[in-house]
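In what follows, chains carry the letters A, B, and so on, assigned in the order in which the sequence lines appear, proteins first and then strands, with residues in each chain numbered from 1.
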Number of protein chains: 2
Amino acid sequence: MGLSTAMKALADPIRRQILEQLKSGPKTAGEIAQNFELTKATISYHLKLLKQAELISETKDKNFIYYNLNASVFEDILSWLYDVGGKRHET
Amino acid sequence: MGLSTAMKALADPIRRQILEQLKSGPKTAGEIAQNFELTKATISYHLKLLKQAELISETKDKNFIYYNLNASVFEDILSWLYDVGGKRHET
DNA sequence: GACCTATTTAGATAAATTTCTAAATAGCAG
DNA sequence: CTGCTATTTAGAAATTTATCTAAATAGGTC
């Protein structure tokens with residue numbers, strides 16, 4: 001969905017923590033929410049933004065929705081940073 | 001000033017464009033402002049945020065202020081992205 | 001179908017961000 | 001010191017973002 005959307009998604013500390021949690025594997029919205037002092041509705045809102053930024057994806061199983069890190073989409077951001085930050089980046 | 005400040009600074013497209021402009025070398029606030037349809041006050045505000053994030057630094061000469069890219073500070077962000085995105089990053 | 005459980009959506013509010021205009025500061029030039 | 005140029009600061013208005021509560025959806029289970 002574009003660099004801008006991804007960058008905005010990464011700007012929020014809650015959303016970065018969500019991504020960090022997903023590092024260890026897929027989790028449901030409920031599992032993620034347990035680690036925050038925020039309502040499930042709020043977590044759902046953050047998950048929506050991360051999904052729009054394609055930083056995560058979802059797979060449904062029974063009536064759970066599992067969220068997964070979408071590592072490939074970090075590439076765009078890395079490229080931009082390397083480009084501006086003055087380093088080379090091999091894709 | 002921390003990852004969070006830097007990430008927030010990078011979330012705005014104007015600020016990213018400013019950084020891109022500085023890639024080719026130091027520029028004054030006025031020179032930067034010329035490339036946007038925004039007032040100098042607004043550009044000054046964005047420069048302040050970039051400075052707080054330590055993504056740029058300033059050097060004064062006569063009564064000009066030159067802004068420079070501070071490439072080294074991109075490292076924190078790259079590290080975080082590599083870490084979460086599942087890639088290795090040698091510091 | 002009726003009832004759970006998991007999650008999202010809607011609508012409202014609060015808080016943060018971006019932008020502008022106008023005034024203030026700072027340094028050089030005469 | 002006065003005036004000029006470059007830039008920032010202050011304060012207000014507009015927009016966007018984050019959060020909550022309550023209601024809606026969706027898929028199992030009995």
Side-chain angles (χ1 to χ4, degrees), chain A residues 1-22 24-70 77, chain B residues 1-22 24-70 77:
Chain A
M1 233 226 163
L3 182 69
S4 209
T5 314
M7 286 296 210
K8 269 205 282 197
L10 290 175
D12 186 89
I14 303 286
R15 290 194 287 272
R16 286 199 305 278
Q17 281 177 256
I18 291 175
L19 294 174
E20 282 164 15
Q21 284 185 34
L22 293 177
S24 56
K27 289 196 172 35
T28 66
E31 287 171 329
I32 294 166
Q34 283 182 331
N35 298 295
F36 295 98
E37 307 217 319
L38 295 169
T39 63
K40 292 190 172 189
T42 299
I43 296 300
S44 186
Y45 160 76
H46 287 298
L47 288 170
K48 187 174 71 178
L49 296 188
L50 288 169
K51 211 171 1 172
Q52 281 172 0
E54 294 175 80
L55 289 163
I56 62 174
S57 59
E58 60 181 38
T59 54
K60 302 189 183 185
D61 180 28
K62 310 239 170 152
N63 62 338
F64 292 89
I65 301 177
Y66 283 92
Y67 286 97
N68 317 45
L69 252 191
N70 210 355
I77 304 163
Chain B
M1 231 223 164
L3 181 68
S4 210
T5 312
M7 287 294 211
K8 268 205 283 198
L10 290 174
D12 187 271
I14 302 286
R15 290 193 289 271
R16 286 200 306 278
Q17 282 177 256
I18 290 174
L19 293 174
E20 283 164 13
Q21 284 185 34
L22 293 178
S24 57
K27 289 194 170 38
T28 66
E31 287 171 329
I32 294 166
Q34 283 182 330
N35 299 294
F36 295 98
E37 306 218 318
L38 296 169
T39 63
K40 292 189 173 189
T42 299
I43 297 300
S44 184
Y45 160 76
H46 287 298
L47 288 170
K48 186 176 69 178
L49 297 189
L50 288 168
K51 213 174 355 174
Q52 280 171 1
E54 295 175 79
L55 289 161
I56 61 175
S57 59
E58 59 181 38
T59 54
K60 303 190 183 187
D61 181 27
K62 310 238 170 155
N63 63 337
F64 291 90
I65 301 178
Y66 283 93
Y67 286 98
N68 319 58
L69 252 190
N70 209 355
I77 304 164

- What nucleic acid atoms does B/A29 come within less than 4.0 Å of, heavy atoms only: base, sugar-phosphate, or nothing? sugar-phosphate

- A/L47 has an atom CG; how far is it from atom C1' of D/dT19, in whole Å? 15 Å

What N/O pairs connect the protein and nucleotides 11-18 of chain C at under 3.5 Å? Give each pair on its own line.
{"unit_1": "C/dT17", "atom_1": "OP1", "unit_2": "B/K8", "atom_2": "NZ", "d": "3.2"}
{"unit_1": "C/dT18", "atom_1": "OP1", "unit_2": "B/D12", "atom_2": "OD2", "d": "3.2"}
{"unit_1": "C/dT18", "atom_1": "OP1", "unit_2": "B/R15", "atom_2": "NH2", "d": "3.2"}
{"unit_1": "C/dT18", "atom_1": "OP2", "unit_2": "B/R15", "atom_2": "NH1", "d": "3.2"}
{"unit_1": "C/dT18", "atom_1": "OP2", "unit_2": "B/Y45", "atom_2": "OH", "d": "2.8"}

- Query: So what does B/Y67 hit on the nucleic acid, given a heavy-atom distance under 4.0 Å: a base, only sugar-phosphate, or nothing?
  - Reply: sugar-phosphate

- Message: Looking at B/T28, I'd like to know whether one of its side-chain N or O atoms comes within less than 4.0 Å of OP1 or OP2 on D/dT7.
- Response: yes

- Message: Looking at A/T39, I'd like to know whether one of its side-chain N or O atoms comes within less than 4.0 Å of OP1 or OP2 on D/dT19.
- Response: no

- Inter-end axis angle, the helix from C/dG1-D/dC30 to C/dG30-D/dC1, with every axis fitted to five base pairs (rounded, 10 degrees): 20°

- Task: Could you check how far NZ of A/K40 sits from P of C/dC4, rounded to whole Å?
- Result: 16 Å

- Note on the structure: From NZ of A/K48 across to P of D/dT19 the rounded distance in Å is 14 Å

- Item | Distance, rounded to the nearest Å, where B/Y66 contributes OH and D/dA6 contributes C1' | 11 Å

- Report the distance from atom CD1 of A/I43 to atom P of C/dT8, rounded to the nearest whole Å. 10 Å

- Query: Looking only at atom types and distance, does a side-chain atom of A/S57 sit under 3.5 Å from a main-chain N or O of A/E54, one as donor and one as acceptor?
  - Reply: no

- Short side-chain to backbone donor-acceptor contact, A/D12 and A/K8, under 3.5 Å: no

- For B/Y67, the side chain to side chain donor-acceptor pair (under 3.5 Å) test, sequence neighbours excluded, returns B/E58

- Message: Between P on C/dT7 and CD1 on A/I65, what's the gap in Å once rounded to a whole number?
- Response: 7 Å

- Could you go step by step and tell me if A/L10 and B/L10 meet the side-chain contact (heavy atoms from CB on, under 4.5 Å) rule? CA-CA 9 Å; A/L10 290 175; B/L10 290 174; over 6 Å; no

- Message: To the nearest 0.5 Å, what is the distance between CD1 on B/I65 and NZ on B/K51?
- Response: 6.5 Å

- Could you give the distance from CZ (A/R15) to CD1 (A/I56), rounded to the nearest 0.5 Å? 10.5 Å

- Message: Measure CG/A/L10 against C1'/D/dT17 and give the value in whole Å, please.
- Response: 16 Å

- Query: Going from CG on B/L19 to CD1 on B/I32, what distance comes out if it is rounded to the nearest 0.5 angstrom?
  - Reply: 9.0 Å

- Evaluate the side-chain proximity of A/L22 to A/N68: yes if any heavy-atom separation is below 4.5 Å, no if none is. no

- Message: Distance check needed: C/dT25 C1' versus B/E58 CD, whole Å only.
- Response: 14 Å

- Query: Short question: side chain of B/R16, backbone of B/A11 - any donor-acceptor pair under 3.5 Å?
  - Reply: yes

